[in-house]
There are 2 protein chains.
Amino acid sequence: MATIRDVAREAGVSIATVSRVFNQSALVRPETCENVREVAARLDYWPNGAARSLITSRTLALGVVLPDLHGEFFSEVIRGIDLAARRERFQILLSSSHADADALNSAVRALRGRIDGLLVLSPDAGSARVVESIASSLPVVLIHSGPDTLACATLAIANHDGALAMTRHLVALGHRRIAMLCGPAGNVDAEERLRGYRAALTEAGLMQDAALELAGDFSEECGAACVPDLLAIEPRPTAIFCANDAMAIGMVTALRDTGVRVPEEMAVTGFDDIAIGRYLTPQLTTVRADAYELGERAVGMLLPHAQARQPVPAERVSVPTRLIVRASCGAALVPTSDAAQPRRHRPLAAAARREEDGREAAGRDRGRVS
Amino acid sequence: MATIRDVAREAGVSIATVSRVFNQSALVRPETCENVREVAARLDYWPNGAARSLITSRTLALGVVLPDLHGEFFSEVIRGIDLAARRERFQILLSSSHADADALNSAVRALRGRIDGLLVLSPDAGSARVVESIASSLPVVLIHSGPDTLACATLAIANHDGALAMTRHLVALGHRRIAMLCGPAGNVDAEERLRGYRAALTEAGLMQDAALELAGDFSEECGAACVPDLLAIEPRPTAIFCANDAMAIGMVTALRDTGVRVPEEMAVTGFDDIAIGRYLTPQLTTVRADAYELGERAVGMLLPHAQARQPVPAERVSVPTRLIVRASCGAALVPTSDAAQPRRHRPLAAAARREEDGREAAGRDRGRVS
DNA sequence: TTGTAAGCGTTATCAG
DNA sequence: CTGATAACGCTTACAA
């Protein structure tokens, strides 16, 4: 692999001149520049990124740490991150599957010197603390939806508001026995959704009933598996709000297999608005958390500070959610509802994200904390 | 940010000793080691990756260049790559959205010195040539399904065989007028699928008819948009094989809206086996190209050579496909078919990939070239 | 067991 | 405009 020295020697100039040519420095005579470029091309020379970033202490790279690359939600987040970073000529150093805070910690450390800024997607509280401790030495944005005020820049999904809006919607459709299929314990998104559900029940004057809250783990399998438990609740609920779409999909499929009609006998709703929901029969009513936008905005928060090599101010920004009313909640059965939708063709993802119907969720909070 | 020198000074040792501590070198006295670690922790020191890789010329990172991060197929490939790389403690430097060969070229150059090896997903022939030219100076594996023999390690999807198997299947179901919705021009995957389709028709003694080949672009929108063209073909086809699932999904939806029954009046099949196909009504018959496995195997091909800093031998490996028979082809209507499947619950992705029914496609080619 | 010193391939700061 | 030369933060002979 040719180095700057090889090019300099071959072109009969100093390494400084070669460096200038590759840094668009205007102080090089056109002929010299031309000559250097020619030699460089011939020798297949390209500046070494590691050496460059060692001296400039700029890497033009952003680290992204997330618990899992699995599922449509995360992959959309990554896509948003990548595209936003690319616009500013930044690259993405990916680091997924960090189960616990320790793993996260060492993953982050391994990125030292290779990145100008860091994005962490953390669904648990422990990891959030680790990130807090890094924030002073590296520009960091945390994508984390816990209710707690953290001493670092945080981008949160408005889980509570989304769940609130969804549950209100079910109440408005006349449901009085509304169950919830919860997400994994310790997952802050799941916890916030549960809080929103409870708040809506309280608001509607409905009794809180622990029997209505089923344990889940965000997997489709579990959505299917808990159907017997759901049907065994006395008196039987008429609606269930699942903490994510994957579980809702498993549940709809299993309910159908059991012979329970959705939404007539059991309204089922989800959270996330993954693409499959639109192809389910009946189409899934859900809450959209725009994953692409989440990634995009996280980069927007991080990048200016990464470029300036300054800590990101501790601020909490909330990404609003939208209630997406389709058929699985039974809204189409209620003649007065304005939420029923004509069945028309929908593109798979990108375009759909932008133009989809559905109403704004109650809360468009975008507050500052700390 | 603390450097190795700060730690050395504070701990009262030389920088070499600090370095040894962080490189598991056994030649450090336990007490010294302990002391250094303590100081390092206090100063929040961690070795700088750029400096480290400058001297060792090892980065423990793999570059991944792909045309687009969009869609389930690519995101699954990435997941396969990430997990396989992680096992060997390698990180992933992502670089997506490279429309043309030039963009690819500069993207790759920007990675010089930051990666030990490169994975390129290229659906067009021009990019493949660029990669060929890099292969001598950097370990590279190209994920590319063109029929051409390239002077670099190539991992290909058995598109031709998959399409052949699908078309044979339609022929076996009794169809004689089988249309094809093609992919974008210049896309080698699309072209290979078209070749496979034609080969099967010829084999079955059916006439080649240009009118049966509709132009498409892999988008769901186009699958929907070309329905009028499909229905206008005289005599009307009884089956259509779409070059990917997204188009097939758009088409099924649009056909239903038009009042054409699928599969009774028009059998529709796809290629890729994306998750949504399983939730479509009727469920989509398709060809599985295991994206996760593709990524995983690409890393398997690349990593040993990346670690040894040696070129990857020019070899062509083909990843077999499988025919996945569901309802949209009408197989369930044919009593004698053994391909009809009971409707049972299917997990969303990971687990499903492993256990799914369906028969092996004809060709399990895994050949060497050059 | 530890220290000294020579790079790794750049960019940046000076002189010329 | 161009050329020496000193960093950047680290690993690794070689010496002690």
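Look at A:D6 and A:R42 and you find no salt bridge, because none of the NZ, NE, NH1 or NH2 atoms lies under 4.0 Å from a carboxylate O. Using a cut-off of 4.0 Å between Lys/Arg side-chain N and Asp/Glu carboxylate O, B:D124 and B:R129 are scored as not salt-bridged. The pair B:D82-B:R79 does not count as a salt bridge, with every side-chain nitrogen at least 4.0 angstrom from each carboxylate oxygen.
With distances taken from any side-chain atom of B:S19 to the nucleotides D:dA4, D:dT11, D:dG9, the minimum falls on D:dT11. Listed nucleotides: D:dA4, C:dT11, D:dA13. Nearest to the side chain of A:R20: D:dA4.
End-to-end axis angle for the helix from C:dT1-D:dA16 to C:dG16-D:dC1, using five pairs per end and rounding to 10°, comes out at 40°.
Closest approach of B:L54 and A:A51 over heavy atoms only: CD1-CB, 3.7 Å. The minimum heavy-atom distance between B:V188 and B:G146, with the atom names listed, is CG2-N, 3.6 Å. Closest heavy-atom contact between B:L302 and B:G117: CD2-C, 4.0 Å.
A straight line from CG of A:N48 to P of D:dC8 spans 18 Å, rounded to a whole angstrom. Atom-to-atom, CH2 of A:W46 to C1' of C:dT10 comes out at 15 Å; the value is rounded to the nearest Å. Between the C1' atom of C:dA12 and the CZ atom of A:R58 lies a distance of 14 Å, rounded to the nearest Å. Atoms CG (B:L60) and P (D:dT11) sit 12 Å apart, rounded to a whole Å. The interatomic distance linking B:R52 (CZ) with D:dC8 (C1') rounds to 16 Å, in whole Å.
Looking at which nucleotide of DNA chain C each of A:Y45 and B:S14 is closest to, the 5′-most match is held by B:S14.
Judged as a ring pair (Phe, Tyr, Trp, His ring centres under 6.0 Å), and not counting sequence neighbours, the contacts of A:F22 are A:Y45. In this view, B:V28 and B:T17, B:R20, B:V21, B:T32, B:C33 satisfy the side chain to side chain contact (heavy atoms under 4.5 Å, CB included) rule, not counting sequence neighbours. The salt bridge (Lys or Arg N to Asp or Glu O under 4.0 Å) test applied to B:E34 returns no partner, not counting sequence neighbours.
No hydrogens or angles were tested; on distance alone, nothing pairs the side chain of A:R112 with the base of D:dG9 as donor and acceptor under 3.5 Å.
Heavy atoms of B:F22 sit nowhere under 4.0 angstrom from any nucleic acid atom.
A cation-pi arrangement is not found for B:R112 relative to A:W46, the charged atom failing to lie both closer than 6.0 Å to the ring centre and inside a 45° cone about the ring normal.
For the contact set between residues 28-36 of chain B and DNA chain D, defined by any heavy atom under 4.0 Å, there are no members.
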Enumerate all atom pairs, one protein N or O and one N or O from nucleotides 6-8 of chain C, separated by less than 3.5 Å.
none

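The shortest distance between side-chain heavy atoms of A:I143 and A:M301 does not fall below 4.5 Å.
Phosphate contact (OP1/OP2 of D:dT11, side-chain N/O of B:N23, threshold under 4.0 Å): present.
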